[in-house]
Every structure is written in structure tokens, then in C-alpha cells.
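Reading through the C-alpha cells given below for one structure.
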Amino acid sequence: MVNKRVYFLMKKRLTTEVDQEPPLFPWETEVKDYGNEPSGDLVAEKISTPETTDETNQFLAGNTKEAPPPAS
């Protein structure tokens, strides 16, 4: 079992190291502050779809199988 003192000393050491040099994501080369604004690449565009009156086209495509018969 790990001694509580050792645990808290390691926790403090790791916290200090992360504060001094934060870890980077694999695609990052330097620490930088990301703004709150999403980039243009990540903003989803609104997709326009034609209005339909056909009832079957109003639902999302999904499972089209019928329910199995009840067990006897």
C-alpha cells in the first residue's frame, strides 16, 4: 500500500511540473491560448434540404426492419 505522504508528495511534484510546463497534444508544438471563437474549419454549415410533403421523407433514415413476432 502506498504511504499517504508519498502520494501527496508525488501529487504536489506532478502538479508543479504541469504548472511550469503544461503537456501538449500530439499535434501541438508550443503552448498557446485558444480563443473562445471556433475556427472556420470547425463551424458546421447549415444544410438546406427541400421541403417535402411525403410522410416517409420526414423521418431520418434508420432501421427499416419490422419488429419480430412475439414469442409464443
Side-chain angles (χ1 to χ4, degrees):
M1 181 170 211
V2 177
N3 187 345
K4 285 185 182 182
R5 182 171 183 214
V6 172
Y7 171 78
F8 286 108
L9 287 173
M10 290 298 296
K11 182 178 177 182
K12 182 177 180 179
R13 178 179 170 194
L14 288 172
T15 303
T16 304
E17 287 180 9
V18 168
D19 287 342
Q20 291 174 354
E21 188 175 337
L24 300 174
F25 288 110
W27 58 86
E28 293 179 317
T29 57
E30 62 183 352
V31 177
K32 64 179 189 176
D33 187 23
Y34 293 104
N36 294 334
E37 303 278 328
S39 69
D41 296 339
L42 299 176
V43 177
E45 295 180 15
K46 184 178 180 182
I47 300 173
S48 60
T49 56
E51 302 264 341
T52 60
T53 56
D54 186 10
E55 190 175 311
T56 59
N57 289 337
Q58 292 179 357
F59 297 102
L60 295 174
N63 186 356
T64 58
K65 293 181 180 178
E66 293 182 15
S72 300

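Numbers for residues simply follow the sequence, beginning at 1.
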(request) Considering non-hydrogen atoms only, spot the tightest contact between V31 and L24 and give its length. (result) CG2-CD2, 3.6 Å
(request) Any side chain to side chain donor-acceptor pair (under 3.5 Å) involving residues 12-23? Give me the pairs, sequence neighbours left out, ordered by first then second residue. (result) R13-E17
(request) Give a yes or no on whether V6 and F8 share a hydrophobic cluster (residues Ile, Leu, Val, Met, Phe, Trp, Tyr; joining criterion: side-chain heavy atoms under 4.5 Å apart). (result) yes
